[in-house]
Amino acid sequence: MRFKAVCFDLDGTLLNSLDDIAFCTNKVLMKRGLPSHNLLTIRGFVGEGLKNLITNSLPEKNRKKNLINECQEDFQEIYRENWYRNTKPYEGIPKLLDELCEKNIKLTIFSNKPQEFTSLAVNRLLSNWKFEFVLGQRNNIPKKPNPQGFLLIKKKLKLPSKEFVFLGDTETDMKTAVASGCYPVGVLWGFRPEKNLIENGAKVTIKKPLELLDIINQKN
């Protein structure tokens with residue numbers, strides 16, 4: 001078997017979390033009398049970490065360091081109480097994870113979501129499956145697309161990069177996969193269109209989770 005591990009992105013790949021992210025983002029904005037955004041707009045802000053989400057959500061004239069920091073703190077407080085309102089695995093993800101475990105494929109997660117919320121989501125919604133390493137955004141590790149976080153995952157599993165599929169839904173994920181030396185696979189049920197994924201390094205894109213099995217089953 002060509003691949004022995006999968007490194008998953010979280011939001012937009014494993015979990016459909018957009019409704020809850022948008023709800024909490026808009027709560028932060030409305031608290032300050034600032035305009036809110038629809039799902040499609042916020043969808044474009046997700047994938048590069050909380051600071052990027054907040055910065056892009058604010059009107060340009062309001063993008064001051066202090067306000068951005070305040071809004072990040074507010075978001076975390078609100079999200080802590082609301083992250084699970086509508087968030088759930090995408091259709092087909094549970095079956096995919098079952099199949100991968102049956103094949104003894106190692107499962108890992110590398111997300112730009114803050115570590116606290118990454119761990120909360122995995123422990124509550126993905127606890128039926130064993131993930132060897134779950135890495136969210138941490139202060140001491142650069143966020144994706146910097147590959148440093150993946151190097152920790154690779155070291156933990158003691159596998160070369162070429163034996164990992166990197167599955168994600170944004171250009172950030174594809175850039176991370178390329179920089180890490182993994183096999184980049186873009187998913188089309190997440191937050192970005194196919195064009196973005198291919199332009200940033202996706203070797204292939206898939207429309208449904210179980211299509212990943214065809215890639216895993218490829219011979220060397």
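Salt bridge annotation for Asp169-Arg192: absent, with no cationic side-chain nitrogen under 4.0 angstrom from a carboxylate oxygen. Taking the charged nitrogens against the carboxylate oxygens, Glu199 and Lys195 do have a contact shorter than 4.0 Å, which makes a salt bridge. Ion pairing between a basic and an acidic side chain is recognised when a charged N comes within 4.0 Å of a carboxylate O; Glu116 and Arg80 show such pairing. Between Lys175 and Glu171 there is no salt bridge, since none of the side-chain N atoms of the basic residue sits less than 4.0 Å from a carboxylate O of the acidic one. In summary, Lys144 and Asp173 engage in a salt bridge, as defined by a charged side-chain N under 4.0 Å from a carboxylate O. A salt bridge links Asp74 to Arg32: one of the charged nitrogens lies within less than 4.0 Å of a carboxylate oxygen.
Put simply, the side chain of Gln137 never gets that close to the backbone of Pro114: no donor and acceptor are under 3.5 Å apart. In this structure, the side chain of Lys203 does not engage the main chain of Val185 through any donor-acceptor pair within 3.5 Å. Using modelled atom types, one side-chain atom of Asn56 and one backbone atom of Asn52 make a donor-acceptor pair closer than 3.5 Å. Put simply, the side chain of Asn112 gets close to the backbone of Gly47: a donor and an acceptor are under 3.5 Å apart. Counting only distance, with no hydrogens or angles, the side chain of Asp20 and the backbone of Arg85 share a donor-acceptor pair below 3.5 Å. A donor-acceptor distance shorter than 3.5 angstrom exists from the side chain of Glu211 to the backbone of Lys207, with no hydrogens or angles considered.
Side-chain polar atoms of Trp129 and Asp98 form a donor-acceptor pair below 3.5 angstrom.
Residue Ser57 holds its OG atom at 10.5 Å from CG of Leu34, rounded to the nearest 0.5 Å. A distance of 11.5 Å separates CD in Glu60 from OG1 in Thr55, rounded to the nearest 0.5 Å. If you take CG on Leu126 and CD1 on Ile109, they are separated by 5.5 Å, rounding to the nearest 0.5 Å. Here the CG-CG distance, from Leu67 to Leu58, works out to 5.0 Å after rounding to the nearest 0.5 Å. In this structure, Asn217 CG and Leu213 CG are separated by 6.0 Å, a value rounded to the nearest 0.5 Å. Residue His37 holds its NE2 atom at 6.0 Å from CD1 of Ile42, rounded to the nearest 0.5 Å.
Ring geometry, Trp83 versus Tyr79: the interplanar angle falls from 30° to 60°, so the pair is classed tilted.
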TODO: Check step by step if side-chain hydrogen bond (donor to acceptor under 3.5 Å, both in side chains) holds for Thr205 and Glu194.
DONE: CA-CA 7 Å; Thr205 59; Glu194 184 173 33; 2.6 Å; yes
- [ ] For Leu39 and Asp19, run side chain to side chain contact (heavy atoms under 4.5 Å, CB included): C-alpha distance rounded to whole Å, both residues' side-chain angles, the deciding distance at 0.1 Å, then the answer.
- [x] CA-CA 7 Å; Leu39 281 178; Asp19 282 354; 3.3 Å; yes
Open item on the list: Please evaluate residues Thr13 and Phe191 with respect to the criterion side chain to side chain contact (heavy atoms under 4.5 Å, CB included), reporting the C-alpha separation (whole Å), side-chain torsions for both, the decisive distance (0.1 Å), and the verdict.
Closed with: CA-CA 9 Å; Thr13 301; Phe191 299 156; over 6 Å; no
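Between Ile68 and Asn62 the shortest side-chain heavy-atom distance does not fall below 4.5 Å. Inter-residue side-chain proximity for Gln76 and Leu50 is flagged as met; some heavy-atom pair is nearer than 4.5 Å. Side chains of Val6 and Thr108 form no contact here, defined as non-hydrogen atoms less than 4.5 Å apart.
Taking a 4.5 Å side-chain heavy-atom cut-off between Ile, Leu, Val, Met, Phe, Trp and Tyr, the cluster of Leu159 extends to Phe110, Phe133, Leu135, Ile141, Phe150, Leu152, Ile153, Leu157, Phe164, Phe166. Hydrophobic cluster membership for Leu197: Met174, Leu188 (Ile, Leu, Val, Met, Phe, Trp, Tyr linked by side-chain heavy atoms under 4.5 Å, directly or transitively).
When the ring pair (Phe, Tyr, Trp, His ring centres under 6.0 Å) test is applied to Tyr183, the partners found at least two apart in sequence or on another chain are Phe3.
Here the rule is side-chain contact (heavy atoms from CB on, under 4.5 Å) with Ile78, and of Val28, Thr25, Asn26 only Val28 fits it.
In terms of heavy-atom proximity, Ser161 sits nearest to Ser180 at OG-O, 2.8 Å. Of all non-hydrogen atoms in Ala202 and Gly186, the two that sit nearest each other are CB-N, 4.2 Å.
The hydrophobic cluster containing Phe8 does not contain Leu151, counting ILVMFWY residues as joined when their side-chain heavy atoms lie under 4.5 angstrom apart, directly or transitively. Each of Val165 and Val178 belongs to its own hydrophobic cluster when Ile, Leu, Val, Met, Phe, Trp and Tyr are linked at side-chain heavy-atom distances under 4.5 angstrom.
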